[in-house]
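Hydrogens, waters and symmetry mates play no part in the numbers below; they use all other heavy atoms, side chains included. As the structure is a prediction and not an experimental result, all values here were calculated from the model.
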Amino acid sequence: MPRERRLKDNQIIQILCRSDDAVAIYTGEEILIEVANPAMQAAWGRDASVIGLTLSEALPEIEDQPFLGMLQEVWRTGIDNVGTAIPAELLVDGKLQHYYFDYAYRAVKDENGQVYAIFHTARDVTEKVNDREELKVAREREELLEREQALNEELAAANEELFATNEDLSAAQERLRILNQELEDRVDERTAELSRSESRLRYLLSDAPVAIAVLRGRELIVESANKMVLNAWGKTDEIIGKTLPEAIPELDGQEFLGILDAVYTEGEPFYGSEVKALLRQNGRLEEVYFNFVYQPIKDEAGKTNGIMITASIVTEQVFGRNQVQHLNEELIAINEELNESQDLLMSTNLDLKASEMRLDKIISELPVPVVVLMGPDQIIATTNEALLKYWDRTKEEVTGKTMLQVFPELKSQPYPDLWKRVLAGEGSVASIEIPVTYKDKLEGTERSFYIDYHCQALTDLGGNNVGVISTILDVTEKVRSRKQIEKAEAQLRLAIESSELGTWYIDVITREFKPSRRLKQIFGFYEEEDMLYDATTNQILDEYRQLVTEAVDHAILNGTSYDMEYPIKGFRDGAIRWVRATGKLYGEDANGHASFSGTVQNITQRKLEEQRKDDFLSIASHELKTPITTLKGALQLLNRYKDNLSSAIVPRLIEQANGSVEKITNLIDDLLNTTRTNEGQLHLNLSTFIVSKLLDDCCQHVRIGGKHDLIVQGDLQLEVEADEARIDQVVVNLVNNATKYAPDSRKIYLLIEDLGHLARVSVRDSGPGIPEEKIPHLFDRYYRADYGGAQYSGLGLGLYISAEIIKRHNGEIGVESKPGEGSTFWFTVPKKVG
Ligand code: ADP
């Protein structure tokens, strides 16, 4: 049998009150504080005076907090309410402070199961919770950071691992979807559970991890709302007892109130998935996403009298997914862009390839030699047949090699340097007719060409120089033939100049007359003055003019040439000159112009010589005629005396005949000498002799004639080395001339002078002298000075032959004379050597 208890009930209560844990005992629906131990009092921030008060009297600050309701619930239902870390706001030390308690409201029942007290134990876990909260915040921040980090890394890696990341993301998305699904399933399950049991609901309401609120009546009065729902709504439990539109005014205009009304009316639950709500949180309207159920609460009659809201906040998932979605979209976009740019690249590549091939094809078909050299090494990349032929190489021999590998001989030529400069961006180079030399492939001999050369840089798509392209035009033939023409022209010019040919040219259409410098000279014009075509006609001597113009016109008309000789009068000097003029009409040239051109040669000299020759012939025949007539007369007389040869006249006639024959012989000698001199057959027979002796012995005919005194003077011992007979001939000639042209000059002086290496001999008369202008011509062949009326016989050959003889001796011949002062003819010959 049981022992009697030693402790009285109030002793037990006192002992219990000693507990370190906060303990309180309540009774009645109004929750009267029967017991509250010091720990509980301390937790409340009160003292023992609270005992005997109702809880709401003792702690007026909890009026808006759920505790009273929860206790009343326990009282009413007899179901314990045990929870952890329930928040409470209590007035401790005069200020409202936040606490968290692990608590238990336990219904203490009598044997009939009737609740007669509530036993409340509580433990202040505020610190623990705060620590946990901070930890949680820190962790969330860390996670956020990590997520950001990961996101960043993912983004960084995205380009390289595009496809892999995509798959990962798809998988992640799938996982999220599954997670969502699971969450939704869980919510569904919970919701179902909730709807199954009102009491379970009460329980769940307090600590369920989902937001739960109960709205009463059609006006939707917030009857209860757990912490999560309040958090989600951004409100405190002040809203309990208010209608939902009052409690959350920002719902106005959003869909929720309408839906709730419909659920109320129709009695059917409404399931919302990831529905966006705009809720004021921390003073700001924020986007919050919910998965939720609006579950009608019905009375026994099945009539809806309230709605329970259960909701889980999926903002993060949605944002996360949106982010993932967004990222995904971005990645897809990037991928597409990449694909596009890949396509573009491929098509550009193809285009490039195609244009490269086109370029190759164009180059290979070009008839002009072309080469493409790539890079600073000048590697032969592309050539064509035309070039290979010119190089005398096959494609295989050159392609891929550097220019200097194929043609080392170019090293000393300007081309490698030129390519380098073009590649470096100095611009293109074009040169014409420049020389280039290649070595023959087999024989190694040098082959030189002239080329027109063009070289320019080749650029890539980025505009960078990557090589050079050169075109080469072999113009060797052209240059060589032009050079030949130039040479021929130069020769012709030289010939024209040396022949002193004047040339002219008329453009038949423009009638422009172009005389050469020499032509102007011939026609007596100054070099710098204009000479018109008319001058060529005007300057012709009157008696020839018509003849010439007719011949020229005839040549133009018939396209033939003319070749005429006629005298002209110099435009400025008035001198009469003979010219030989030729002319011809030339057909059209490359420019379609016909031209008329010709040459004019000054033939005055030749004409004069011809004249003299003619004169000479008449003189010669006249000269010969005189002695021959004398000879003839003498012979006729002799013939008469042939039977009487003793007649005194016969010796005179014979002497006369001899004299004539001698004259004829002399004349013939002169003629012969002239011919010999002309033909260079004048041979000298050199010997040493004393000049004075030769002078003493010669000219006996003059001394015998008695008309002149020959006086020999000067260095009478002087010896010379010469052809004695020829020098005798010269002296005789000069003395004869003196007697002939100075018949009144009694004394003729023969002077011998020693000039060092030479001996000088002069013959001086005191005759009429010779006009100055005639002196230069005295030694010309056939020249005979005309002395106004005085008639002297002679052939004009004596002085010419004398001059030739002296020239052969390397001596000189000349004359000093003035009219009225006589003449001194002189010559020099080499003195005897040693
Ligand atoms: P030729 O006496 O047969 O005419 P030359 O050649 O001997 O030919 O002389 C050329 C000309 O030189 C002569 O015609 C004459 O006019 C001139 N001449 C030569 N000697 C004298 C002289 N001593 N005095 C003047 N005139 C002279």
Side-chain angles (χ1 to χ4, degrees), residues 2-132 199 202-203 205-207 226-227 237:
R3 299 232 181 102
E4 192 185 331
R5 286 158 52 206
R6 294 192 186 116
L7 290 178
K8 295 185 181 111
D9 285 352
N10 61 336
Q11 278 181 321
I12 294 168
I13 289 166
Q14 273 168 11
I15 291 164
L16 281 173
C17 285
R18 300 290 290 273
S19 164
D20 282 342
D21 286 346
V23 174
I25 298 172
Y26 314 111
T27 54
E29 179 114 37
E30 71 276 27
I31 314 296
L32 183 80
I33 302 168
E34 300 277 353
V35 174
N37 76 346
M40 184 62 87
Q41 290 166 19
W44 287 343
R46 304 292 195 282
D47 57 20
S49 64
V50 295
I51 295 168
L53 300 178
T54 64
L55 193 62
S56 46
E57 285 164 352
L59 308 172
E61 68 266 31
I62 65 163
E63 198 193 328
D64 294 334
Q65 300 182 43
F67 308 110
L68 197 62
M70 285 157 68
L71 286 165
Q72 287 170 338
E73 188 79 19
V74 173
W75 181 263
R76 271 201 308 272
T77 60
I79 296 168
D80 293 352
N81 186 342
V82 179
T84 53
I86 190 165
E89 282 193 329
L90 297 169
L91 198 63
V92 179
D93 299 332
K95 59 179 191 260
L96 211 55
Q97 295 186 42
H98 286 279
Y99 293 92
Y100 291 91
F101 294 100
D102 285 351
Y103 71 95
Y105 297 154
R106 298 196 186 279
V108 187
K109 300 173 189 168
D110 59 15
E111 49 278 10
N112 300 324
Q114 191 65 46
V115 179
Y116 67 89
I118 296 169
F119 182 55
H120 174 197
T121 56
R123 182 174 294 149
D124 183 353
V125 292
T126 309
E127 237 170 76
K128 225 159 71 189
V129 169
N130 279 347
D131 286 354
R132 215 168 44 219
S199 58
R202 300 287 173 192
Y203 168 74
L205 182 69
S206 58
D207 71 344
N226 73 356
K227 187 186 163 211
D237 54 11

Okay, side chain of [X], backbone of [Y]: is any donor-acceptor separation there less than 3.5 Å?
X	Y	answer
D110	N112	yes
E89	L96	no
D21	A122	no
N37	V23	yes
E29	W75	no

What's the separation between atom [atom1] in [X] and atom [atom2] in [Y], rounded to the nearest 0.5 Å?
X	Y	atom1	atom2	result
I62	F67	CD1	CZ	7.0 Å
L71	E30	CG	CD	12.0 Å
H98	T126	NE2	OG1	10.5 Å
L59	L68	CG	CG	9.5 Å
D237	E63	CG	CD	10.5 Å

Review point. Could you walk me through whether R123 and D102 pass the salt bridge (Lys or Arg N to Asp or Glu O under 4.0 Å) check?
Key: CA-CA 5 Å; R123 182 174 294 149; D102 285 351; 5.4 Å; no
Mind listing the closest non-hydrogen atom pair of [X] and [Y] along with its distance?
X	Y	value
D80	A107	OD1-N, 2.8 Å
A39	S19	CB-O, 4.0 Å
N81	M70	ND2-CE, 3.4 Å
P38	C17	CD-O, 3.5 Å
V115	G78	CG2-CA, 3.5 Å

Kindly indicate whether the side chain of [X], heavy atoms from C-beta on, has any atom under 4.5 Å from the side chain of [Y].
X	Y	answer
M40	V35	no
I33	L55	yes
V92	Y99	yes
I79	E73	no
V125	T84	no
E61	L90	yes

- Message: Could you check whether S49 and D47, counting side-chain N and O atoms only, form a donor-acceptor pair closer than 3.5 Å?
- Response: yes
Do Y100 and N130 get their side chains close enough for a donor-acceptor pair, meaning under 3.5 Å? no
Please evaluate residues L32 and Y26 with respect to the criterion side chain to side chain contact (heavy atoms under 4.5 Å, CB included), reporting the C-alpha separation (whole Å), side-chain torsions for both, the decisive distance (0.1 Å), and the verdict. CA-CA 5 Å; L32 183 80; Y26 314 111; over 6 Å; no
*Where does the angle between the aromatic ring planes of Y105 and H120 fall among parallel (under 30°), tilted (30 to 60°) and perpendicular (over 60°)?*
perpendicular
Between I118 and the options I31, I25, V108, the side-chain contact (heavy atoms from CB on, under 4.5 Å) test singles out I31
Can you tell whether the side chains of R46 and E57 come within less than 4.0 Å, N to carboxylate O?
no
